[in-house]
Trainee: 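Can you read through this structure? Questions will come right after.
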Amino acid sequence: MGQTMAEKVLARCSGRADVVAGEYVTARPDKLMCHEAFAPCALTLRRMGVERLADPDSVYVIIDHFFPAPTAAHAKSHSIVRDLVERYGITHDLGHSGICHQVMVEGGHVGPGELVLGTDSHSTTYGALGAAGAGIGVTEMTYALALGELWFQVPPTVRFSLSGAAGPAIMAKDVVLRLAGQFGTDVAQYAAIEFSGSLCAQMGLASRMTMANMGAELGAKFAMFPTEAFGPDQDAEFAAVHSVDVTGLEPQVAQPHNPGNVVGVSAVAGVRVDQAFLGSCTNARVEDLAVAAQVLAGRRVHPRTRLIVTPASQAVYLEALRAGHIEALAAAGAAITAPGCGACPGGHSGVIGPGEVCVSSTNRNFRGRMGSAEGFVYLASPAVVAMAALTGELSDPRELVSEPWL
C-alpha cells in the first residue's frame with residue numbers, strides 16, 4: 001500500500017520503512033523553529049540543569065511577534081532570548097528579520113519532505129514547499145530541544161483537489177476561505193491535508209504559503225503541496241477526497257468571529273470599515289503588496305479608514321520598495337510599519353478599539369484577536385483589504401482588479 005506525504009515524512013523521521021494512520025511513532029524532526037517562546041523553553045531547560053541541546057544546528061530562533069518591543073517587558077524578553085541563543089550555541093539566530101515563517105522559507109531553511117516543528121500554530125506554512133510543518137506548544141518544544149525527538153500519532157490525510165478557472169481578483173486567500181466556509185474549520189481536525197489539482201499547478205509559492213498557512217484554520221496537523229522532489233505514492237490512501245471547482249468564485253470574506261463564517265463579498269458589501277490591515281504570515285508578501293498597490297496607486301485611502309501595511313519580512317519590504325509598491329501605498333495614505341507580526345495577534349502597531357471594524361488579511365478573527373473583545377474582524381484577501389481602504393467599506397475589488405492573483 002502506498003503512502004501519503006505525511007506518512008512518508010514520519011516514517012523516515014522515525015526510522016521506519018512505512019507507517020499507517022493512527023499509530024504512534026517517535027520521530028526526530030529535521031528543524032526546530034522558535035520565536036519569542038524560545039525564552040520559556042530555554043529557561044526551563046536551564047532550571048532542569050540541561051546545558052546542551054540535542055542538536056543546536058537544527059534550531060532556528062526569530063524574534064517576530066512583538067518587534068519592535070512595545071513594552072519594557074517585551075524588551076526584557078528579547079534580551080533573554082538573545083542571551084540564551086548565545087549560551088546554547090545556536091548558529092541559526094535569525095534575529096528580527098521578519099515573520100518567522102516567511103523568514104524560514106525565503107532563507108532556504110525548509111526543504112521538501114522535511115519535518116519542521118515550530119512554536120507557532122501556523123508552522124503548517126512550510127507545507128508550501130512539501131515539508132511537514134506543525135505547530136507545537138512550549139512544553140513539547142522544550143522536550144524536543146533537549147532530546148531531539150517527539151512522539152506523534154500518524155494523522156490520516158484529507159485531500160483537496162482544486163480545479164477550475166479563477167476569475168478577476170481571486171487570490172489563494174479566497175480559495176482557502178471557501179474551503180473553510182464550505183467544509184468547516186474542523187474538516188481536517190488532527191489530519192494532514194494534501195492540496196492537489198490543476199489550480200494548485202497554477203499557484204506560485206506565495207499562494208501556496210497562504211493555503212498551507214490557513215491549513216491550521218481547517219484543523220490540520222500538516223498542510224502540504226507536492227513538489228517535484230517529494231509527493232505521495234500513486235496508490236496512497238486518503239481518509240477523504242474533496243473536489244472543488246473555483247470557476248465563478250467571487251472574493252470571499254470571513255465574518256466575525258470565526259474563520260469559517262464565510263460569505264461572498266457581495267453579501268457584506270457596504271459594511272463600514274475603520275481599519276484595513278495588510279500583514280501577517282498569511283498575506284504580506286510582495287505579491288500581496290503588489291495587488292494592494294494596483295488598487296490604490298494614484299488614489300487615496302478613505303478619510304474615515306486607516307490602512308496599516310506590515311510587510312512579512314525585511315526582504316519583502318526591500319523588494320516591494322524597489323518595485324514601487326511601498327511608495328504607491330504610502331502615497332495613498334497607508335501607514336507602513338516594521339516587518340513582523342504586528343497587529344495580527346493583537347500585539348501592537350494596529351490593535352483595534354471597542355466597536356471598531358477591521359478587515360484584515362490575517363488568518364484568525366476570533367473575538368479579541370486584534371485588540372478589543374468588543375471589536376469586529378473580517379478576514380479577506382489583500383485585494384479586498386485594499387478596496388475597503390479605498391472606499392471606507394467592504395467592497396468588491398473586481399471593479400479595479402481584472403485578473404486573478406495566484
Side-chain angles (χ1 to χ4, degrees), residues 29-110 115-126 133-150 213 279-281 284 310-317 337-351:
D30 297 289
K31 309 283 174 58
L32 297 173
M33 188 286 298
C34 299
H35 47 50
E36 283 94 329
F38 182 72
C41 294
L43 288 172
T44 297
L45 292 176
R46 289 190 65 78
R47 285 195 296 269
M48 296 172 62
V50 178
E51 297 297 331
R52 295 190 73 259
L53 303 184
D55 182 9
D57 288 339
S58 71
V59 181
Y60 296 74
V61 178
I62 306 165
I63 293 174
D64 68 348
H65 271 50
F66 299 97
F67 180 84
T71 68
H74 286 108
K76 180 179 179 181
S77 173
H78 294 174
S79 295
I80 292 171
V81 169
R82 295 185 187 102
D83 177 62
L84 291 169
V85 162
E86 183 176 352
R87 288 187 182 213
Y88 277 105
I90 294 171
T91 57
H92 301 298
D93 178 6
L94 304 182
H96 45 76
S97 46
I99 304 174
C100 56
H101 310 308
Q102 177 68 25
V103 173
M104 288 290 287
V105 171
E106 72 186 15
H109 305 305
V110 177
L115 177 60
V116 185
L117 307 180
T119 50
D120 187 273
S121 55
H122 289 98
S123 296
T124 51
T125 305
Y126 308 135
I136 61 174
V138 169
T139 300
E140 295 167 298
M141 181 58 77
T142 302
Y143 185 94
L145 288 168
L147 299 180
E149 62 184 28
L150 194 64
N213 177 278
S280 87
C281 55
T310 302
S313 70
Q314 193 73 4
V316 167
Y317 195 126
T337 78
C341 295
C344 173
H348 59 115
S349 299
V351 297

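Atoms considered below: every heavy atom in the structure, side chains included; atoms not considered: hydrogens, waters and symmetry mates.
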Trainee: Just verifying a value: how many Å separate Leu117 CG and Tyr126 OH, rounded to the nearest 0.5 Å?
Mentor: 10.0 Å

Trainee: Can you find a heavy atom in the side chain of Val110 that is under 4.5 Å from one in the side chain of Met33?
Mentor: no

Trainee: Any side-chain to backbone donor/acceptor pair from Asp55 onto Gly148? Under 3.5 Å, distance only.
Mentor: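 The answer is no, because no donor-acceptor pair under 3.5 Å joins these two groups.
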
Trainee: So, Ser79 side chain and Ala75 main chain: donor-acceptor pair closer than 3.5 Å or not?
Mentor: yes

Trainee: If you define the side chain from C-beta out and look only at heavy atoms, does anything of Glu51 sit under 4.5 Å from Arg46?
Mentor: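 In contact.
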
Trainee: With a 4.5 Å heavy-atom cut-off, do Glu140 and Leu150 have their side chains touching?
Mentor: yes

Trainee: Taking Glu36 for its side chain and Phe66 for its backbone only, find out whether a donor-acceptor pair lies under 3.5 Å.
Mentor: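 Flag set: sc Glu36 to bb Phe66 pair under 3.5 Å.
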
Trainee: Using 0.5 Å steps for rounding, measure from the NE2 atom of His101 to the CG atom of Asp64.
Mentor: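 Interatomic distance, His101 NE2 to Asp64 CG, rounded to 0.5 Å: 7.5 Å.
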
Trainee: Can a donor-acceptor pair be found, under 3.5 Å and without considering hydrogens, that links the side chain of Ser121 to the backbone of Gly135?
Mentor: no

Trainee: Identify which one of Cys344, Pro345, Cys341 satisfies the side-chain contact (heavy atoms from CB on, under 4.5 Å) criterion when paired with Ser280.
Mentor: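 Of the listed options, the one satisfying the test is Cys344.
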
Trainee: Mind listing the closest non-hydrogen atom pair of His348 and Pro68 along with its distance?
Mentor: CE1-O, 3.5 Å

Trainee: Kindly give the heavy-atom pair with the smallest separation between Gly350 and Ala343, and that separation in Å.
Mentor: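 Residues Gly350 and Ala343, closest heavy atoms: O-CB, 3.4 Å.
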
Trainee: Using side-chain heavy atoms (C-beta onward) and a distance below 4.5 Å, is Ile90 in contact with Leu53?
Mentor: yes

Trainee: Hey, are His122 and Thr125 close enough side-chain-wise for a donor-acceptor pair under 3.5 Å?
Mentor: no

Trainee: Start with the C-alpha gap between Val103 and Ile99, add the side-chain angles, then the distance that decides, and say whether side chain to side chain contact (heavy atoms under 4.5 Å, CB included) holds.
Mentor: CA-CA 6 Å; Val103 173; Ile99 304 174; 5.9 Å; no

Trainee: Kindly determine whether Glu106 and Val316 satisfy side chain to side chain contact (heavy atoms under 4.5 Å, CB included), including the steps that lead there.
Mentor: CA-CA 9 Å; Glu106 72 186 15; Val316 167; 4.1 Å; yes

Trainee: With no hydrogens and no angle check, do the side chains of Thr337 and Thr310 hold a donor and an acceptor under 3.5 Å apart?
Mentor: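 Yes.
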
Trainee: Using 0.5 Å steps for rounding, measure from the CZ atom of Arg52 to the CG atom of Leu45.
Mentor: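 Arg52 CZ to Leu45 CG: 12.5 Å, rounded to 0.5 Å.
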
Trainee: Could you grab the distance from atom CG of Leu145 to atom OG of Ser58, nearest 0.5 Å is fine?
Mentor: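 Rounded to the nearest 0.5 Å, the CG-OG separation comes to 7.5 Å.
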
Trainee: Is the shortest heavy-atom distance from the side chain of Val105 to the side chain of Gln102 under 4.5 Å?
Mentor: no

Trainee: Would you mind reporting whether His109 and Leu94 have side-chain heavy atoms less than 4.5 Å apart?
Mentor: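 In short, these two side chains touch, coming nearer than 4.5 Å.
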
Trainee: Output the distance between atom CD1 (Ile80) and atom CZ (Phe38), rounded to the nearest 0.5 Å.
Mentor: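 The CD1 atom of Ile80 sits 12.0 Å away from the CZ atom of Phe38.
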
Trainee: Run the side chain to side chain contact (heavy atoms under 4.5 Å, CB included) test on His35 and Asp120 for me, step by step, so that the C-alpha distance in whole Å, both residues' side-chain angles and the decisive distance to 0.1 Å come before the verdict.
Mentor: CA-CA 8 Å; His35 47 50; Asp120 187 273; 3.7 Å; yes

Trainee: Looking at every heavy atom in both Gly347 and Pro70, which two are closest together, and how far apart are they?
Mentor: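 Answer, listing the atom of Gly347 first, then Pro70: O-CG, 4.5 Å.
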
Trainee: Can you tell me how far apart CD1 (Ile62) and OG (Ser97) are? Round to the nearest 0.5 Å.
Mentor: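 Taking CD1 in Ile62 and OG in Ser97, the distance rounds to 6.0 Å.
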
Trainee: Does some side-chain heavy atom of Tyr60 sit less than 4.5 Å from a side-chain heavy atom of Leu32?
Mentor: no

Trainee: Quick one, Phe67 and His74 - any side-chain contact, counting heavy atoms below 4.5 Å?
Mentor: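 Counting from C-beta outward, Phe67 and His74 never come under 4.5 Å.
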
Trainee: Where do Tyr88 and Ala42 come nearest, in terms of heavy atoms and distance?
Mentor: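 Residues Tyr88 and Ala42, closest heavy atoms: OH-O, 3.8 Å.
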
